[in-house]
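To keep things clear, I will list the structure first and then write my remarks on it.
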Protein chains: 2
Amino acid sequence: MLKPEIVKKLIKILGKENVFTTKEDLICYSYDSTPHDHLPDIVVAPANTQEIVAIIKLANEHNFPVVPRGGGTNLSGGTVPIQGGLVLALHRMNKIIEIDTDNLTATVEPGVITATFHQTVEKEGLFYPPDPQSMFMSTMGGNVAENAGGPRGVKYGVTKDYVLGVEAVTPTGEVVKVGGKTIKNVSGYDLIRLFAGSEGTLGVITQITLKLIPKPEAKRTILAIFDHLDDAAKTVSGIIKQRIIPTTLELMDQKTMELIEGYIPSGLPTDAEGALLIEADGSAIDVDRQIGVIEQMCKTCGAREVKVAQDATQEAQLWAGRRSAFGAMARSARQVLAEDATVPRSKVPDIVRSIQQIAAKYQLTVPTLGHTGDGNMHPNILVMKQDEEEMKRVDAAIDEMFKAALDLGGTLSGEHGIGLSKQKYMKWQFDKASLDMMKAIKKAVDPNNILNPGKIFLKDE
Amino acid sequence: MLKPEIVKKLIKILGKENVFTTKEDLICYSYDSTPHDHLPDIVVAPANTQEIVAIIKLANEHNFPVVPRGGGTNLSGGTVPIQGGLVLALHRMNKIIEIDTDNLTATVEPGVITATFHQTVEKEGLFYPPDPQSMFMSTMGGNVAENAGGPRGVKYGVTKDYVLGVEAVTPTGEVVKVGGKTIKNVSGYDLIRLFAGSEGTLGVITQITLKLIPKPEAKRTILAIFDHLDDAAKTVSGIIKQRIIPTTLELMDQKTMELIEGYIPSGLPTDAEGALLIEADGSAIDVDRQIGVIEQMCKTCGAREVKVAQDATQEAQLWAGRRSAFGAMARSARQVLAEDATVPRSKVPDIVRSIQQIAAKYQLTVPTLGHTGDGNMHPNILVMKQDEEEMKRVDAAIDEMFKAALDLGGTLSGEHGIGLSKQKYMKWQFDKASLDMMKAIKKAVDPNNILNPGKIFLKDE
């Protein structure tokens, strides 16, 4: 609980209507999209940067945690106020400040919903590629803080690759502005990419300038079914050897297709080891060329069936299964733990097989799908959080999955972040010197440990 | 001068043949491609990471500066040992360790020459886009430390966009390994992009894993001559509005063309305000489409002449002028100060006009060329370093140029870095909080101020 004098000061900064202290309100901000939860002491919704400065200065004075929060769609516990304190809900700062069609940039506040941003720039003939699956709820600030990815990452990269400028409030309550509308920039250290992916531990992002690209003229989709997972993997490297980087290269495993077909049947086979959903974009003439090469490569590599969408309706049909995958999983379990162990592209068959073996060993249901083009697979563990015995098996299975990914030269997280869920694995991935360097940076920037404390690093490592 | 006992220890670490102390040797490592120079106390050429660890531990023990050095092509004084100490010459660590054609990655030591790397990966049908003009002498380690760019940056980005993994020795002599072969990675803070562009102040890069892409099947070049600079700028935005991002969009101003024609005549007009050299790449069928659109746009926007290369010979002819530009400048002056003030793309005509006005005001010759597609222009100031009166005018002119770039929403450096040359302008670009944050990071990571001291930041700011 914050002292009444602090609450009074917060009300003075924000206005009564933007300070929330009832149990109902606190519960709403106590969790994200993981099983983690913890009640904050207070929730506030600032309207601008200056209010955030005042809040953070107050937090330093009275030593309480501040946890920035966007859409709450985080998949690693990053927005859970695990040490209580104040949740900074950024939904009111949701203006798209500018779309600069000459310089192909946009400037936004952190609370803008990702999908809203997509629609707005696309109306101008422009394109913002990062497309996390949570984009209808996630915010741009959260996307930057977590360095969100998405299916289009294989061709277009992740959020970090599009951030040209950031205004942020530091953990001591100073406003920093770095970068701007220039595409190239090597003045001083890259604070932009230090903020990006720092999970709200180094600064509260209050304004973002993003690079846009011209919207591709055309796109087309192919669905290819494979009896053997290895043939799907061979197809992926075969396509790339033909000098084509598709926009998306999504793999669904057999378990995923089974669940989808049991939910909203969309014509996926349940007896095949895997399916690739491949999209190509570019100029109309070049997309046709790409699709021709991709279709041929799928067949050459042993696809048992290849469907090429001929129009938007057929395209929607091909994507229907993939889009309902998460719903299909969710309805079959009380909770879906979406992991994102990521491996080098060539190791995708190995990690998928490892996941299947681990699932069998611990008697768990783990449909796996993901962005096979960049090795970013998502094993989804279907659990009953309330079943303690099962959760023990789940924990052991997750341990083994991350170990397998790291043994294959991978990383703990491709796009979900570390948060609370993966802290204990950090020392598996990083040597002590790397962890020490990260922690030294956190300490130098946030001497009072105000911003999102207790995340990324375990206390005593 | 380092104490004899330290020299003895260095000889023990490196072998006598890799420790250099004669005046002649020291002079060779006292300068880069700027007018700055300062003699080091000693130069050593390590063979591996462990030797670097030992050297840096020794430096911390005896408190002497360590300045990492690649090809010495730096354009901001970054590799000049301004406080003496030890120069770490990395030319012996020049192995291309692996090219992974399945994962499209390469792993190299820091001393690999950039152009050698290009040639090696292109033999495998792969492509590493960053192409600093110094690529025949610059090294991959230097490119990462300075976040080198190049003409292809407009389409393909800069060095930082291709670094997936780094092994580095920290300023306290620890080895950190971050990243690897995965394209997506959000585990912990982004130390990779903190090292990249840190100009050798945060770590000695000892191994780099790079992302490669498939080599484009085809490329073609157009040269367009414009009577009016504004028409060239209109052409650039016109092309991009047609959803085409060319591989290069190079602008040469009138003064540049005059100098080229006075050196190696290559058919450039000396009475036109500017010329655009535009290259497009991709699949053969798509390159033809792009070239058609670009040619038409040049004409629509008022180009007085448009030459489209029909084969490799014609392409080489079109590039000949641009390629000899620096030579043409160098022969007309004792020294060329190549600046790289960078502005948002739409502000290119403004910055070029500002540069011309400033040059006239201070009676200087300043041919300007550069990467207009990303706003990264290079005013090249032709000077006699020995002429003190002229150098005063030069200093005043450079002050005004940077002021103009920042006023246009630009940055001090698009691809050359800050080093010594631009330290005094840092407080023009950055607020105190941003500078404090950068300096706090430096201090946290390098408590004894061992690595490349005296760079980027002025002492008392």
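In what follows, chains carry the letters A, B, and so on, assigned in the order in which the sequence lines appear, proteins first and then strands, with residues in each chain numbered from 1. Computation of the quantities below employed the complete heavy-atom set of this structure, encompassing side-chain atoms and omitting hydrogens, waters and symmetry-equivalent molecules.
Using a 4.5 Å cut-off between heavy atoms, V445(A) contacts chain B through its side chain alone, with no backbone atom that close. Of the atoms belonging to H371(B), it is side-chain heavy atoms, and not backbone ones, that fall under 4.5 Å from chain A. Proximity to chain A (any heavy atom under 4.5 Å) is restricted, for E146(B), to the backbone atoms N, CA, C and O. Proximity to chain A is absent for every atom of K211(B), based on heavy atoms less than 4.5 angstrom apart. Neither the backbone nor the side chain of I192(A) comes within less than 4.5 Å of any heavy atom in chain B. K443(B) does not touch chain A: none of its heavy atoms, backbone or side chain, sits under 4.5 Å away. In this structure, chain B has no heavy atom under 4.5 Å from any part of V154(A). Residue contact with chain B, scored on non-hydrogen atoms closer than 4.5 Å, involves the backbone and the side chain of R193(A) alike. Neither the backbone nor the side chain of K422(A) comes within contact range of chain B; no heavy atoms are under 4.5 Å apart. Of the two parts of L412(A), the backbone and the side chain both hold a non-hydrogen atom closer than 4.5 Å to a non-hydrogen atom of chain B. Heavy atoms of V158(B) lying under 4.5 Å from chain A belong exclusively to its side chain. Using a 4.5 Å cut-off between heavy atoms, Q290(A) makes no contact with chain B at all. Interface remark: D161(B) contributes side-chain atoms only to the contact with chain A (heavy atom separation under 4.5 Å).
Among I240(B), L194(B), L164(B), the residue making the largest number of heavy-atom pairs under 4.5 Å with chain A is I240(B). For chain B, the option among G150(A), G179(A), P216(A), G125(A) with the highest count of heavy-atom pairs below 4.5 Å is G150(A). Looking only at heavy-atom pairs under 4.5 Å with chain B, the residue among K181(A), M438(A), E199(A), K442(A) that has the most is M438(A). Note: V186(A) leads T101(A), V186(A), V176(A) in heavy-atom pairs under 4.5 Å with chain B. Highest contact tally toward chain B, considering only T342(A), I245(A), L202(A), is held by L202(A) [criterion: heavy-atom pairs under 4.5 Å]. The candidate with the highest count of non-hydrogen atom pairs below 4.5 Å against chain B, out of I183(A), V236(A), D190(A), is D190(A). When each of S198(A), A168(A), S187(A), S434(A) is checked for heavy-atom pairs under 4.5 Å with chain B, S187(A) comes out on top. Each of G165(B), G188(B), G410(B) has some count of heavy-atom pairs under 4.5 Å with chain A, and the biggest count is that of G188(B).
Partner of K184(A) under the side chain to side chain contact (heavy atoms under 4.5 Å, CB included) criterion, chosen from N147(B), N376(B), D340(B): N376(B).
In this structure, K155(A) and D281(A) approach most closely via the heavy-atom pair NZ-OD1, 2.7 Å.
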Requested in this report: Kindly determine whether E174(A) and K57(A) satisfy salt bridge (charged side-chain N to carboxylate O under 4.0 Å, His left out), including the steps that lead there.
Outcome: CA-CA 9 Å; E174(A) 310 295 322; K57(A) 284 200 187 287; 3.3 Å; yes

Query raised in the report: Are D102(B) and R345(A) close enough, and set up right, to give a salt bridge (charged side-chain N to carboxylate O under 4.0 Å, His left out), and what steps lead you there?
Result: CA-CA 8 Å; D102(B) 283 328; R345(A) 184 190 291 130; over 6 Å; no

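Here the CG-CD distance, from D431(A) to Q429(A), works out to 10.0 Å after rounding to the nearest 0.5 Å. Rounding to the nearest 0.5 Å gives a distance of 11.5 Å between CG of D350(B) and CG of D407(B).
Taking the six-membered ring where tryptophan is involved, the planes of Y156(A) and F127(A) are perpendicular, since the angle between them exceeds 60° and thus also 30°.
Looking at T206(B) and E167(B), their side chains do bring a donor and an acceptor atom within 3.5 Å of each other. Counting only N and O atoms by type, the side chains of T209(A) and T107(A) include a donor and acceptor under 3.5 Å apart. Side-chain N/O atoms of D286(A) and S283(B) include a donor and acceptor closer than 3.5 Å. A donor-acceptor pair shorter than 3.5 Å can be found between the side chains of N185(B) and T411(A).
By the 4.5 Å heavy-atom criterion applied to side chains, T201(B) and Y189(A) are counted as neighbours.
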